[in-house]
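Data first, discussion second: the structure below is written as structure tokens.
Please read all numbers here as calculations on a predicted model, not as lab measurements.
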Amino acid sequence: MAEPRADPAVALPFPDRRRAPHLRVSDERLYTLLVGSVRDYGIFALDPGGHIATWNAGAEAIKGYRADEILGRHFSIFYPPEDLAADKPAWELREAEAHGRFEDEGWRVRKDGTHFWANVIITALRNEHGELAGFAKVTRDLTDRRRNEQRALADTRRLAEVEAASRAKTEFLSTLSHELRTPLNAIGGYAELLEMEVRGPVNEGQQEFIGRIRDSQRHLLGIINDLLNYSRIESGRVEYEVGPVAVREIVETVMPMVEPQALTRGLSLRALPCSPELVASADRGKAEQVLLNLLSNAVKFTGPGGRITVGCAPVADGVAITVSDTGEGIPPERLGSVFEPFVQLGRSLSETREGTGLGLAISRDLARGMGGELSATSTPGEGSVFTFVLPGVGGQGIGNRE
């Protein structure tokens with residue numbers, strides 16, 4: 001007759017002689033020491049009624065009871081009031097008896113009244129006649145794991161909420177920009193018709209008013225364009241046509257655009273010699289937009305009599321365009337925030353400057369979109385230097401020069 005095999009799901013708290021007939025008394029002592037010394041798991045036995053019959057060091061470490069305090073007491077002492085009201089301890093024993101094994105995760109109570117998140121396995125123990133002899137109970141404290149999981153879940157939920165809010169903001173800005181551009185373009189068009197005297201002559205005073213209308217229309221349109229560009233960048237709808245671009249051509253194209261503003265404010269604007277051999281890998285239109293933003297920003301924050309200088313030079317793995325000014329500078333504690341959207345330095349109740357605070361944020365995103373970078377250094381009271389770096393063409397850059 002074949003020897004009966006033990007149920008592999010049953011974790012007996014004592015040696016199974018049918019599977020290890022060679023065990024001696026010393027082996028049984030070793031097994032007892034093994035179970036008794038484990039501290040990461042609470043391992044103990046219950047009698048058929050659920051009263052605690054054995055106790056190990058792990059159970060004491062997790063639950064806080066010494067053996068002399070807990071032996072003979074019902075294991076329901078470890079359950080919170082809501083589980084006791086639902087008769088959960090008795091239900092778990094019935095499930096283990098009916099199916100051989102029961103596993104659960106939930107809150108349990110320590111001796112000091114604190115709660116911990118436990119993984120619990122209850123295994124029915126039967127004698128050689130198949131009669132219920134008791135239960136083996138293994139408990140693990142998973143409080144740290146659950147706390148980390150809850151934190152990760154909260155972070156994921158928070159990130160999703162932030163992304164949803166960002167998408168809503170981007171869509172709102174895009175819609176608002178499109179809706180405002182139409183009437184602003186109409187205002188500009190009608191102002192131009194008045195200047196052309198299409199419907200009759202216009203006197204000098206009226207011409208002055210028309211000029212102010214045109215200036216205000218262009219200013220508002222610039223703000224709307226910034227909002228629209230920002231929303232496009234945020235939503236990833238900006239496409240780049242990257243190719244070889246001579247850096248000198250970028251500078252020569254942009255400088256005349258800001259010269260009138262610089263002259264109006266009494267500023268000195270000059271470009272240092274730029275070698276025609278300096279070629280960047282960039283989207284020319286977007287590179288010009290970045291430089292125009294930097295120069296317009298320098299004009300805005302440099303007082304009368306100040307100087308603005310544009311330079312270019314090879315750098316490691318690329319080329320750099322620098323815009324230096326002798327303006328008011330940026331406080332060290334504000335330097336890290338100048339590239340954040342809607343941040344504008346120098347804005348106060350007594351002094352306001354035109355713009356949305358999006359120019360530098362857009363410029364940095366455009367620079368990074370072309371594989372480059374935009375950074376700034378500054379000394380308050382002396383001025384600032386903005387450095388616009390673009391990848392070089394054909395390994396160009398001081399790091400690759402012989």
CA sep, side-chain torsions, deciding dist, call: Val279, Val247, side-chain contact (heavy atoms from CB on, under 4.5 Å): CA-CA 6 Å; Val279 180; Val247 175; over 6 Å; no
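- Under a 4.0 Å N-O distance rule, the pair Glu69/Arg66 qualifies as a salt bridge.
- Under the 3.5 Å distance criterion, with hydrogens and angles disregarded, no donor-acceptor pair is assigned to the side chains of Trp55 and Glu60.
- For the atom pair CZ of Phe209 and CD of Glu204, the computed distance is 11.5 Å after rounding to the nearest 0.5 Å.
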Pair Arg157-Glu161, salt bridge (Lys or Arg N to Asp or Glu O under 4.0 Å): steps then yes or no: CA-CA 6 Å; Arg157 186 180 297 112; Glu161 291 172 352; 5.5 Å; no
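- Taking the charged nitrogens against the carboxylate oxygens, Asp104 and Lys88 do have a contact shorter than 4.0 Å, which makes a salt bridge.
- Thr123 contributes atom OG1, which lies 10.0 Å from atom CZ of Phe135 (distance to the nearest 0.5 angstrom).
- Ser324 and Arg307 form no side-chain donor-acceptor contact under 3.5 Å, judged by distance and modelled atom types alone.
- Remark: Arg212 engages Glu208 in a salt bridge, criterion side-chain N to carboxylate O under 4.0 Å.
- Salt-bridge check for Arg364 with Glu373: failed, with every basic side-chain N at 4.0 Å or more from each acidic carboxylate O.
- Between atom CE of residue Met370 and atom CZ of residue Arg284 there is a gap of 13.0 Å, rounded to the nearest 0.5 Å.
- A salt bridge (charged side-chain N to carboxylate O under 4.0 Å, His left out) with Asp141 is found for one member of Arg110, Arg147, Arg108, Arg146 and no other, namely Arg110.
- The line from CD of Glu195 to CD1 of Ile213 is 9.5 Å long, rounded to the nearest 0.5 Å.
- Within the 4.5 Å cutoff, the side chain of Phe75 has heavy atoms near those of the Leu93 side chain.
- Between atom CG of residue Asp83 and atom CZ of residue Phe78 there is a gap of 14.0 Å, rounded to the nearest 0.5 Å.
- Salt bridge annotation for Glu103-Arg101: present, with a cationic side-chain nitrogen under 4.0 angstrom from a carboxylate oxygen.
- One finds the CG atom of Asp40 at 13.0 Å from the OG1 atom of Thr139 (value rounded to the nearest 0.5 Å).
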